[in-house]
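Right, one structure below, let's go through it.
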There are 2 protein chains.
Amino acid sequence: MVVKESPALDRIFQALANPSRRAMLRMLTDGEQNISSLAEPLQMSFEGASKHVRVLEQAGLVARRVRGRVHLVRIRPMALVQANEWLEFYTRFWNQQMDALEAMFDEE
Amino acid sequence: MVVKESPALDRIFQALANPSRRAMLRMLTDGEQNISSLAEPLQMSFEGASKHVRVLEQAGLVARRVRGRVHLVRIRPMALVQANEWLEFYTRFWNQQMDALEAMFDEE
DNA sequence: GATATATTCAACTATATGGTTGTAAAAGAA
DNA sequence: TTCTTTTACAACCATATAGTTGAATATATC
């Protein structure tokens with residue numbers, strides 16, 4: 001098998017692998033926020049948080065619009081939907097396994 | 001916000017962020033396989049593939065059982081279900097957004 | 001016992017990641 | 001204009017990741 005590349009999925013899962021970034025996404029479900037307010041509750045430097053935003057942005061998980069000096073960041077759930085679709089295949093597989101297990105018990 | 005840690009989720013998403021590892025999971029839906037046969041289609045050294053298996057294992061995405069000299073690896077979809085549950089929150093959010101958008105169009 | 005197979009371990013390399021600090025720039029407020 | 005706020009850029013550091021190679025170990029097979 002030559003591994004079918006999916007750089008988009010790589011970046012999405014990579015972005016989700018960090019708890020600070022997941023926290024940011026959680027915050028953004030309350031609506032658009034600028035980087036400062038995203039940074040504030042995370043105990044790290046502003047620049048650290050800013051880097052996390054860039055990672056999320058490159059994964060397509062957030063988008064930003066610039067209003068004067070503040071950068072407003074909003075969640076873009078479409079990328080998450082993409083991750084979800086990838087996982088769906090396996091949850092289907094999981095359900096099949098569960099069904100098979102049940103059938104085995106029923107046979108006894 | 002003090003980021004609520006979830007090392008399990010960290011490891012799961014981290015493991016999924018690599019295309020070779022995702023390919024391995026895909027292969028394992030056909031059933032248990034030993035490391036050699038997982039390694040074969042990936043163009044990398046055996047040891048490279050073996051490391052990937054260890055990453056998947058530590059994320060709880062696969063388990064192995066040793067039968068003599070071969071290590072049989074099987075998928076463990078439970079961890080994937082965990083990732084799926086995390087994503088579910090956002091797909092719900094996504095659907096709400098879609099509904100709101102539809103409502104806006106309807107009003108016009 | 002000798003050989004082949006499947007795997008791990010150890011050491012190493014290159015690059016990525018997550019974080020820092022200091023400096024600069026742009027925009028709003030005084 | 002000056003001061004403050006919000007952000008980016010550059011350089012740096014420590015650690016992790018993805019990969020390699022060579023040697024060792026355990027189990028089958030001849």
Side-chain angles (χ1 to χ4, degrees), chain A residues 1-25 27-28 32-59 61-74, chain B residues 1-25 27-28 31-74:
Chain A
M1 179 190 288
V2 178
V3 176
K4 194 170 115 216
E5 299 286 335
S6 178
L9 222 41
D10 291 5
R11 279 193 292 269
I12 291 169
F13 283 130
Q14 181 63 44
L16 296 180
N18 181 285
S20 301
R21 288 193 292 260
R22 287 199 307 275
M24 281 182 166
L25 290 177
M27 293 181 225
L28 288 171
E32 254 184 349
Q33 300 196 34
N34 65 8
I35 304 182
S36 290
S37 52
L38 284 173
E40 186 261 325
L42 269 33
Q43 58 184 52
M44 74 177 57
S45 67
F46 172 86
E47 178 63 11
S50 176
K51 278 190 176 181
H52 280 310
V53 171
R54 284 196 281 275
V55 172
L56 289 168
E57 204 177 4
Q58 294 213 312
L61 290 164
V62 304
R64 80 172 72 192
R65 66 189 174 103
V66 181
R67 292 279 285 172
R69 67 183 164 182
V70 324
H71 291 209
L72 291 168
V73 181
R74 65 180 177 282
Chain B
M1 179 191 288
V2 177
V3 176
K4 193 170 117 214
E5 299 286 335
S6 178
L9 221 40
D10 292 3
R11 280 193 292 270
I12 291 169
F13 283 130
Q14 181 63 44
L16 296 179
N18 181 284
S20 300
R21 287 192 292 258
R22 288 199 304 277
M24 282 182 166
L25 289 176
M27 293 181 224
L28 289 171
E32 254 184 348
Q33 300 195 35
N34 65 9
I35 304 183
S36 290
S37 52
L38 284 172
E40 185 261 324
L42 267 34
Q43 59 184 51
M44 75 178 56
S45 66
F46 173 87
E47 177 64 9
S50 175
K51 279 190 176 183
H52 280 310
V53 172
R54 285 196 280 275
V55 171
L56 289 168
E57 203 176 6
Q58 293 213 314
L61 290 164
V62 304
R64 82 173 71 194
R65 66 190 173 104
V66 181
R67 293 278 285 172
R69 66 182 165 185
V70 324
H71 290 208
L72 291 167
V73 180
R74 64 182 178 281

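Here is how names work: the chains are called A, B, and so on, in the same order as the sequence lines, proteins then strands, and each is numbered from 1.
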Write down the distance between [atom1] ([X]) and [atom2] ([N]), rounded to a whole number of angstrom.
{"X": "B/I35", "N": "D/dA26", "atom1": "CD1", "atom2": "P", "result": "17 Å"}
{"X": "A/E40", "N": "D/dT5", "atom1": "CD", "atom2": "C1'", "result": "15 Å"}
{"X": "B/M24", "N": "D/dG19", "atom1": "CE", "atom2": "C1'", "result": "13 Å"}
{"X": "B/R54", "N": "C/dA6", "atom1": "CZ", "atom2": "P", "result": "17 Å"}
{"X": "B/L38", "N": "C/dT5", "atom1": "CG", "atom2": "C1'", "result": "17 Å"}
{"X": "A/E57", "N": "D/dT7", "atom1": "CD", "atom2": "P", "result": "12 Å"}

Would you list the protein and nucleotides 18-25 of chain C atom pairs, both N or O, that sit under 3.5 Å from each other?
residue: C/dG18; atom: OP1; partner: A/R21; partner atom: NH2; Å: 3.1
residue: C/dG18; atom: OP2; partner: A/R21; partner atom: NH1; Å: 2.9
residue: C/dG18; atom: OP2; partner: A/R21; partner atom: NH2; Å: 3.4
residue: C/dG19; atom: OP2; partner: A/H52; partner atom: NE2; Å: 2.2
residue: C/dG19; atom: N7; partner: A/K51; partner atom: NZ; Å: 3.3
residue: C/dG19; atom: O6; partner: A/K51; partner atom: NZ; Å: 2.2
residue: C/dT20; atom: OP1; partner: A/S45; partner atom: N; Å: 3.3
residue: C/dT20; atom: OP2; partner: A/S45; partner atom: N; Å: 2.9
residue: C/dT20; atom: OP2; partner: A/S45; partner atom: OG; Å: 2.5

- Ignoring backbone atoms, establish whether B/S50 has a side-chain N or O less than 4.0 Å from OP1 or OP2 of C/dT7.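 For C/dT7, OP1/OP2 do not have a side-chain N/O of B/S50 under 4.0 Å.
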- Query: Taking only N and O in the side chain of A/S36, is any of them less than 4.0 Å away from OP1 or OP2 of D/dT5?
  - Reply: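 No.
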Report yes if the side chains of [X] and [Y] come closer than 4.5 Å at any heavy-atom pair, otherwise no.
{"X": "A/H71", "Y": "A/V66", "result": "yes"}
{"X": "B/V62", "Y": "B/L25", "result": "yes"}
{"X": "B/D10", "Y": "A/R22", "result": "yes"}

State, to 0.1 Å, how close [X] and [Y] come at their nearest heavy-atom pair, and which atoms those are.
{"X": "B/A23", "Y": "B/L42", "answer": "CB-CD1, 4.3 Å"}
{"X": "A/S20", "Y": "A/N18", "answer": "N-OD1, 2.8 Å"}
{"X": "A/L61", "Y": "A/A15", "answer": "CD1-CB, 3.7 Å"}

- Query: Hey, is the main chain of A/R74 close enough, under 3.5 Å, to the side chain of A/R65 for a donor-acceptor pair?
  - Reply: no
- Query: What pairs meet the salt bridge (charged side-chain N to carboxylate O under 4.0 Å, His left out) rule with one or both residues in residues 52-63 of chain B, with sequence neighbours excluded?
  - Reply: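 Applying salt bridge (charged side-chain N to carboxylate O under 4.0 Å, His left out) to every pair that reaches into residues 52-63 of chain B, excluding sequence neighbours, yields B/E47-B/R54, B/E57-B/R64.
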- Sorted by number, the residues of residues 62-72 of chain A with heavy-atom contact under 4.0 Å to DNA chain C: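 Going residue by residue through residues 62-72 of chain A, the ones with a heavy atom under 4.0 Å of DNA chain C turn out to be A/G68, A/R69.
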